[in-house]
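Chain identifiers are assigned alphabetically (A, B, ...) following the order of the sequence lines, protein sequences preceding nucleic acid strands; residue numbering begins at 1 within each chain. We use all heavy atoms of the structure for the numbers below, so side chains are in, but hydrogens, waters and symmetry mates are not.
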Number of protein chains: 2
Amino acid sequence: MCQTLFENVYESSYVTGIKALAQHLDLSIGTVSRALNGKPDVKAETRRRVLAAAKELDYRPNHSGRSLRHGRTNTVGLVLETGSPSTLAGDTFFMHLVDAMQETLAEEGLDLVLLPCRSADDPIEFLRRHVTRRMVDSIVITATRRQDERIAMLLEDGTPFLALGRSETPGAYPWIDLDFAGAARDSVDALVRLGHRRIAIAAPRRDVNLAHIYMEGYRDALAAHGLPVDEALILRASGSENGGVQVAEALLRLEDRPTAVMLGQELMAIGLYSHLAQVGVQPGRDLSVIGFRQSPQLRFLSPALACFALDVRALGKEVGQAVMALSADPVAARGIGRVWPLEYVPAPSVQPPVR
Amino acid sequence: MCQTLFENVYESSYVTGIKALAQHLDLSIGTVSRALNGKPDVKAETRRRVLAAAKELDYRPNHSGRSLRHGRTNTVGLVLETGSPSTLAGDTFFMHLVDAMQETLAEEGLDLVLLPCRSADDPIEFLRRHVTRRMVDSIVITATRRQDERIAMLLEDGTPFLALGRSETPGAYPWIDLDFAGAARDSVDALVRLGHRRIAIAAPRRDVNLAHIYMEGYRDALAAHGLPVDEALILRASGSENGGVQVAEALLRLEDRPTAVMLGQELMAIGLYSHLAQVGVQPGRDLSVIGFRQSPQLRFLSPALACFALDVRALGKEVGQAVMALSADPVAARGIGRVWPLEYVPAPSVQPPVR
DNA sequence: GTTCGTCCTGTAAACGTTTACGACGCTACT
DNA sequence: AGTAGCGTCGTAAACGTTTACAGGACGAAC
């Protein structure tokens, strides 16, 4: 029976993949495929045999073949920028986010791969190469800029994508971002409630998006409390530890020193604490400090730093679901725009000002 | 001319990929492919036209199709464990390593993708799914264990792989690892030279490989100096900041307190410093401390921590080259086993013991 | 004028899957 | 008895590429 298959045995000396399975079972590859994929029109006994043989021969379907046949790869890519110290990269926060994302995606049989984009790479060319008609069928971009050409490119290209971070690039696209404005507002509220009036703020350079929104929340909150905005109290520095040092230096140089400072990046606190310690200024007592995101690296600052907590795993799941919605209904997904809440966590670094 | 192509135009209303290019140019897809891939047997004028049209139509070859045709994907995967605080994940060190790796791989037209393996995943099943006959044609595993079943599986499977970290799993396979033994030796040497005799050591749990080698270097170096090994000075704790706290507590509990401690994980220093500060013990003066790897998170410790520096980018390039050697000559590559040097960086946290 | 070579191009098979379709045997109904 | 239906399975096309091979045009050499 089934001579064609025996012919194949003699034609190609070494067969592989599903064909080998079919030969071994003396079935057609079509039937084997159907059995493996749970299609209804296959006898229970046959399916059992196929599954057993697949396990025995350690059959694993070729990803390229499968992707080529369906129009999709069942893989979503998350591009992260190596080299440049972005908000997300090089952070346990990020690892947990990815972990939770993957958990959600796995439920739908989707894989997640991280695409490291070198700082030397052109981010546009990088996306072109990877995304469209390539390894992944949808993509998550991180560390969005206020003007982000990647978004314009992806929109034009029609590639399903999700932005982790807002942007002012025109067009409707799905994004999820942290509530920077809310964090700024809550910071101001907490400080004003304790009696602070002169509140400094530090944020990274202008081109990164969060700085802009964080600033806006700061101004709005001050206005809501009827307080003036003193431009001298608005400090610019990089978001790294070194930026914190610069902020501390700038603060101490001010003639009418503020009684509190809020930091728009979590790592700044480390440099700030360090420099304050050198000059004998104690956080909390001499200067109230509110950081940004909770981070394991901040847990050992003394006195403990007031900052904002968020449920990373829940965020990761939300991101994962948004990505899946992307594939399911690209049009509807374009309406997704979600601000993820940050919860203020009081700590001794914030105290009433000394008069 | 060329009626078959015109037939295609009317048959399928919407064509895509190289076929669309061919139609647009009124050429066969074979010729177009040859022109794009720089094959010699194509007229210069034709090649020019094809290249121009490819750019105009923004043609990007389908990865699945290409991979299916060649037996390879031109992609190497690096699996990193999310969730668990590994040596590499969640670290700017790691990002720089990836950056340098990618730079090297890009020269040969290879892509690098990061495969996040959830802590909940079975690492073996994860590898099976991704590596063999799938998205990547070679793989880099990180955070090797002393007994690592992944290595055994990959060896048996025949998948080209590189281990970032040694293992005692039998078999010849390529690996690159940091010189933990050398770091331990140099630490002991530096401390003994200053007059320290009772030197404590802290390292993570036994199952991770580096701890074992680090310990061995410690014992050997002590023996070389004719010093006894006091088992009470060998401390076990996790490699995290919390581990450092535990180490500090254990140190202070010892009846005959050592004058120095060496830490097998860079993050430990943070917790250690923090706890020492709480009880008024000053690093350097009261207890000399040598950390492990340099890390931006340690830069703001005071007094500055003595630790070990390494050229991350050079290491990344070495890893990249090793991966390429893997594909070129799998047999020869199995001999690769490289210990990457660590350079001792003195700092005020190490001083002569007070008598 | 035939033959040979060179240059260029088209043809078609192949990579490993999935799936629409048809074929076959069997049961059960009219 | 004929046929409709169902269950099961094989066949073959298709996904987008690459490439071995063949073939056509053309010029040069005999």
Side-chain angles (χ1 to χ4, degrees), chain A residues 1-8 11-23 25-50 54 57 59-74 109 132-135 137, chain B residues 1-8 11-12 14-23 25-50 54 57 59-74 132-135 137:
Chain A
M1 56 174 114
C2 214
Q3 314 95 312
T4 61
L5 288 180
F6 282 115
E7 283 178 15
N8 277 344
E11 277 178 8
S12 58
S13 59
Y14 182 65
V15 288
T16 166
I18 205 176
K19 205 183 294 181
L21 248 191
Q23 286 188 10
L25 289 162
D26 199 21
L27 285 171
S28 77
I29 57 175
T31 303
V32 173
S33 175
R34 279 190 300 267
L36 290 173
N37 294 16
K39 301 288 170 180
D41 51 352
V42 50
K43 188 161 50 169
E45 161 67 8
T46 306
R47 188 189 306 280
R48 199 194 50 71
R49 280 180 58 220
V50 170
L57 300 191
Y59 167 73
R60 278 162 279 176
N62 180 296
H63 184 242
S64 300
R66 181 176 281 186
S67 302
L68 185 57
R69 169 64 216 220
H70 307 122
R72 61 201 152 73
T73 61
N74 282 330
T132 331
R133 29 185 66 267
R134 281 217 34 162
M135 320 193 13
D137 29 43
Chain B
M1 56 173 118
C2 215
Q3 313 95 310
T4 63
L5 287 182
F6 281 115
E7 284 179 11
N8 277 344
E11 278 179 9
S12 60
Y14 182 65
V15 287
T16 166
I18 205 175
K19 204 182 294 182
L21 249 190
Q23 286 188 10
L25 290 163
D26 200 21
L27 284 172
S28 79
I29 57 175
T31 303
V32 173
S33 175
R34 279 190 297 266
L36 290 173
N37 293 18
K39 301 288 169 178
D41 51 353
V42 51
K43 187 159 53 169
E45 161 67 8
T46 305
R47 187 189 307 279
R48 200 194 49 73
R49 280 179 58 221
V50 171
L57 298 192
Y59 167 74
R60 277 162 282 177
N62 180 296
H63 184 242
S64 300
R66 181 175 280 187
S67 301
L68 186 55
R69 170 63 218 217
H70 306 121
R72 59 199 153 75
T73 61
N74 281 332
T132 331
R133 33 182 64 267
R134 281 217 33 162
M135 319 192 16
D137 28 44

Review point. How long is the span from the OG atom in Ser33(A) to the CG atom in Leu27(A), to the nearest 0.5 Å?
Key: 12.0 Å
Check your understanding: Measuring from Asn62(B):CG to Leu68(B):CG, what's the distance to the nearest 0.5 Å?
Key -> 9.5 Å
Study note, to complete from the structure: Atom CG of Leu27(A) and atom P of dG7(D) are separated, to the nearest Å, by 19 Å
Exercise for review: Working to the nearest 0.5 Å, report the span between CD1 of Ile18(A) and CG of Leu25(A).
Suggested key: 10.0 Å
Practice item. Respond yes when some side-chain nitrogen or oxygen of Ser33(A) is under 4.0 Å from OP1 or OP2 of dT18(C), and no when none is. Key: yes
**Study point:** Considering all heavy atoms, the nearest Ala54(B)-Leu21(B) contact
**Key:** N-CD2, 3.8 Å
Check your understanding: Is any side-chain N or O of Arg66(A) closer than 4.0 Å to OP1 or OP2 of dT18(C)?
Key -> yes
Point to revise | Sub-4.5 Å side-chain heavy-atom contact between Arg47(A) and Val50(A) | key: no
Check your understanding: Less than 4.5 Å apart, any side-chain heavy atom of Asn37(A) and any of Arg66(A)?
Key -> yes
Review point. Using a cut-off of less than 4.0 Å, is there contact between a side-chain N or O of Lys39(A) and OP1 or OP2 of dT18(C)?
Key: no
**Study point:** Nucleotide dA12(D), atom C1' - distance to CZ of Arg69(A) in whole Å
**Key:** 11 Å
Exercise for review: Tell me which of His70(B) and Lys43(B) sits closer to the 5' end of DNA chain C, going by the nucleotide each one is nearest to.
Suggested key: Lys43(B)
Check your understanding: Nearest nucleotide by nearest heavy atom, which residue falls closer to the 5' end of DNA chain C, Asn37(A) or Ala44(B)?
Key -> Ala44(B)
Review point. Taking both distances under 3.5 Å as the test for a Watson-Crick or G-U pair, what stems of at least three pairs does DNA chain D have?
Key: C:1-30 with D:1-30
Revision key, fill the gap. One should read off an interatomic distance between Leu57(A) CG and Gln23(A) CD, to the nearest 0.5 angstrom, of 11.0 Å
Point to revise | Which residues share a side-chain contact (heavy atoms from CB on, under 4.5 Å) with Ser67(B), sequence neighbours left out | key: Ser64(A), His63(B), Thr73(B)
Practice item. Starting from the C-alpha separation in whole Å, work towards a yes-or-no answer on side-chain contact (heavy atoms from CB on, under 4.5 Å) for Tyr59(A) and Leu36(A). Key: CA-CA 10 Å; Tyr59(A) 167 73; Leu36(A) 290 173; 3.5 Å; yes
Practice item. Give the rounded distance in Å between these two atoms: CD1 of Ile29(A) and P of dC9(D). Key: 15 Å
Exercise for review: For Leu68(B) and dT19(D), give me the distance from atom CG to atom C1', rounded to whole Å.
Suggested key: 14 Å
Check your understanding: Can you tell me how far P of dA14(C) sits from CZ of Arg72(B), to the nearest Å?
Key -> 20 Å
Review point. Reckon Thr46(A) has a side-chain N or O less than 4.0 Å from the OP1 or OP2 of dC9(D)?
Key: yes
Check your understanding: In whole angstroms, how far is the P atom of dG16(C) from the OH atom of Tyr59(A)?
Key -> 10 Å
Check the interface with nucleotides 20-24 of chain C: list each N/O to N/O pair with the protein under 3.5 Å, or write none.
residue	atom	partner	partner atom	Å
dA20(C)	N6	Arg34(A)	NH1	3.3

Review point. What are the two closest non-hydrogen atoms of Arg72(B) and Asp137(B), and how far apart are they?
Key: CB-OD2, 3.0 Å
Practice item. Respond yes when some side-chain nitrogen or oxygen of Thr31(B) is under 4.0 Å from OP1 or OP2 of dT9(C), and no when none is. Key: no
Check your understanding: Can you check the Asn74(B) CG to dG16(D) P distance for me, whole Å?
Key -> 20 Å
Point to revise | Length of the CD-C1' vector between Gln23(B) and dG10(C), whole Å | key: 15 Å
Exercise for review: Give one of base, sugar-phosphate or nothing for Pro40(A), where a contact means two heavy atoms less than 4.0 Å apart.
Suggested key: nothing
